[in-house]
Amino acid sequence: MELRRRDYHVERPLLNQKQLEELGRWSSVTGTHQWRTWLQCSHARARALLLQYLPVLAWLPRYPVRDWLLGDLLSGLSVAIMQLPQGLAYALLAGLPPVFGLYSSFYPVFIYFLFGTSRHISVGTFAVMSVMVGSVTESLAPDEDFLQDLNSTVNETARDAARVQLASALSVLVGLFQVGLGLVHFGFVVTYLSEPLVHGYTTAASVQVFISQLKYVFGLQLSSRSGPLSIIYTLLEVCWKLPQSVVGTMVTALVAGVVLVVVKLLNDKLQQHLPLPIPGELLTELVALGLSNLIGGVFQCFPVSCSMSRSLVQESTGGNTQVAGAVSSLFILIIIVKLGELFQDLPKAVLAAAIIVNLKGMLMQFTDICSLWKANRMDLLIWLVTFVATILLNLDLGLAAAVAFSLLLVVFRTQLPHYSILGQVPDTDIYRDVAEYSEAREVPGVKVFRSSATVYFANAELYSDTLKQKCGIDVDRLISRKKKLLKKKELKLKRLLKEEKLQRQAAASKGTSVSINANTSIRDIESNNMEGSKAKVSAGKELEDTAASGQEDAKAPDGSTLKALGLPQPDFHSLVLDLGALSFVDTVCLKSLKNIFRDFREIEVEVYMAACHTPVVTQLEAGHFFDASITKQHLFASVHDAVVFALQHPRSGPVSPVSVTQL
């Protein structure tokens, strides 16, 4: 739709910060002491705390049975159909017998039904979490510790019992940490996990899961490894032992994988016509999660988390509340009680095939590389670094390295923001970068400078250096030359005064020791005295005139100006700093701004600030930035206000030919 040009006219006086505060009746916001409300004791406070930490009491009494029950039932059964084989398969990733995956699919899910706040996520076994558990169990209870002396075979019963104890203890510890972090509202840490970081991390985790299942697909016996580069060594060992593969195991895994892929394709095609997904697998952040892991660990469960794929299924199949999770957990309970023995001796090749097929969604995230290359290459860099770090350093160290790199990249990007000189768009009060807008014109006599990021200790020096460079004049060199000339002039004046003093002393000394020759006539003596005295008076008067002229030059108002010293003058008389991008200021920023005022005033350029947000103004006041030389009258509500004021009050030189009314 074509935009029509609409002229509008706003008439208001120029506003500096002091006038704006008076006009808007600004007053500082007093901080509230939230801890006082925490210590209050009342019936309403107790009820609010109970509903906060036991939310099922808040939403269950208002549950609309007729509207939501059928959807929750169908959604719960759909999730249970997915949860059952995933729980069995993901137990392998955790290094545990498959049946313990069913335990972890029941107890934590039911606990989350009571304490959870999200209506759509599905809690249970998760591939990434299972791999991290497996790295702990396999490192603390390796196969080598359970070798039997007779035939050097692994005592799997003792090994599995030890690993179950480790996983249960780990679940309790994870739950305690999660409950503690949830109580102190530590969930804000997820803001440091960007979407490219999460995608790169889960993609790398899916690759690790894929490689870890190859030993079951090919029927190989591999050494258990953990720590950095473990997945690389595992892959090399798989390649080395490929000739020892068991053909029957490979065929079983291949058939199971093909069947699962076909069934998933049918589910995708017929999902709009099926109330429940075809059970193909059967044919082959923090308090609620913490309690789920804490209580689940008591019942020999391993740590669980939110599953992205099951959460998507739960929402897409009509799930409305946590009732869907309760239905799926009850279904898993029936399986455990009635059919659990049937899953005791499932072929691990089938479970490995189920795991690999279910990695499709995460492996498809490799397509992010192409989209990020076109959209944002910095995000692509985060994705790639996260992926490589997770592959090489394992899941725990890889995540830490990825988060550290992401934060360092943010600091690096704020260290190198975009700096620009602004010009006025014709017939508007809008100022834009003259390098990007061809019609934007600099206002004669006024420089407007802007940074795209806040100024703080990491980029304050670069801000000052770029400002001086963009202004087109070597400020530091000009100040240095000015100081040298003033010092030279001062030394010259002192030397003249010293010479005058010495000559006066010499003249006085000669006057007292004059000897008269007897043969000399009185007329000659008088004549010589008159000539000498005239010469002395003339020399003294010359020195006095020179010294006086030097003193007058030093005391004159324009005696130390650039023009008087013969130095080049800037082609602008005022500098406006657009501080609209500032979100906070620190002590280094305050010092840098003060130095800018001092340096530019040395070269006869007045400095103004514009467009500061109120919190920044408050921080300027708290940092004692304003004083007798820098007041709120140097801070304006907008860039246009500052420019117009600068044209009306030039520091030196004639007023710019551009009139205020034209601006």
Side-chain angles (χ1 to χ4, degrees), residues 83-112 123-148 153-179 208-209 212-213 215-216 221-227 230 289-305 307 329 332-333 335-348 350-352 354-355 394-396:
Q83 175 69 69
L84 179 58
Q86 286 185 1
L88 295 169
Y90 291 162
L92 287 183
L93 299 179
L96 305 175
V99 69
F100 288 92
L102 296 181
Y103 299 157
S104 300
S105 302
F106 166 68
Y107 292 105
V109 178
F110 189 75
I111 297 301
Y112 192 83
V123 175
T125 55
F126 183 47
V128 177
M129 183 72 75
S130 300
V131 172
M132 298 179 77
V133 174
S135 65
V136 174
T137 57
E138 292 179 2
S139 62
L140 297 182
D143 292 341
E144 291 78 9
D145 292 351
F146 300 94
L147 294 176
Q148 297 177 346
T153 59
V154 178
N155 186 348
E156 294 184 356
T157 303
R159 181 201 64 187
D160 291 345
R163 289 183 176 179
V164 167
Q165 292 178 356
L166 287 172
S168 301
L170 179 62
S171 181
V172 172
L173 288 175
V174 169
L176 288 173
F177 278 114
Q178 286 180 319
V179 170
Q208 289 208 357
V209 171
S212 68
Q213 296 307 296
K215 63 180 179 181
Y216 299 117
Q221 295 291 331
L222 303 180
S223 304
S224 59
R225 292 184 174 88
S226 61
S230 59
L289 280 177
L291 290 174
S292 298
N293 284 317
L294 177 60
I295 300 177
V298 177
F299 296 97
Q300 296 187 328
C301 303
F302 58 84
V304 298
S305 183
S307 170
S329 67
I332 297 296
L333 176 62
I335 298 297
I336 294 174
V337 175
K338 298 297 183 182
L339 305 176
E341 295 181 357
L342 299 179
F343 299 99
Q344 187 68 30
D345 298 319
L346 277 178
K348 292 184 178 180
V350 175
L351 296 177
I355 292 173
N394 223 334
L395 294 176
D396 45 3

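Starting from 1, each residue takes its place in the sequence as its number.
When the options Leu92, Leu93, Leu222 are evaluated for a side chain to side chain contact (heavy atoms under 4.5 Å, CB included) with Ser212, the one that passes is Leu93.
To the nearest 0.5 Å, the span separating CZ on Phe146 from CZ on Arg163 amounts to 7.5 Å. Atom OG of Ser223 and atom CD of Glu144 lie 6.5 Å apart (nearest 0.5 Å). To the nearest 0.5 Å, atom CG of residue Leu333 and atom OG of residue Ser105 are 12.0 Å apart. Residue Leu140 holds its CG atom at 12.5 Å from CD of Gln165, rounded to the nearest 0.5 Å. Summarising the geometry, atom CG belonging to Leu96 is positioned 9.5 Å from atom CZ belonging to Arg159; distances are rounded to the nearest 0.5 Å.
A pairwise comparison of heavy atoms in Thr125 and Gly87 identifies OG1-CA, 3.6 Å as the closest pair. Residue Ala91 comes nearest to Gly101 through the heavy atom pair CB-N, 3.8 Å, listed as atom of the first residue, atom of the second, then distance. Residue Ser135 comes nearest to Ser139 through the heavy atom pair O-OG, 2.8 Å, listed as atom of the first residue, atom of the second, then distance. For Tyr90 against Ala127, the heavy-atom pair with the smallest separation is CE1-N, 3.8 Å. Closest approach of Ser230 and Asn394 over heavy atoms only: OG-ND2, 3.5 Å. The minimum heavy-atom distance between Pro98 and Leu88, with the atom names listed, is O-CD2, 3.5 Å.
A donor-acceptor pair under 3.5 Å is absent between the side-chain atoms of Ser171 and the main chain of Ser168, judged by distance alone. Under a 3.5 Å cut-off, the side chain of Thr137 and the backbone N or O of Ala94 do form a donor-acceptor pair.
In this pair, Phe106 and Phe110 present their aromatic rings parallel. The plane angle is below 30°, not in the 30 to 60° band.
Atom CZ of Phe177 sits in a sparse spot, with 12 or fewer heavy atoms from other residues, nucleotides or ligands closer than 6.0 Å.
Considering only heavy atoms from C-beta on, Ile332 stays 4.5 Å or farther from Val109 through its side chain. A 4.5 Å side-chain heavy-atom check between Val136 and Leu166 finds every atom pair outside the cut-off. Residues Val172 and Leu176 form a side-chain contact, since some pair of their non-hydrogen atoms from C-beta on lies under 4.5 Å apart.
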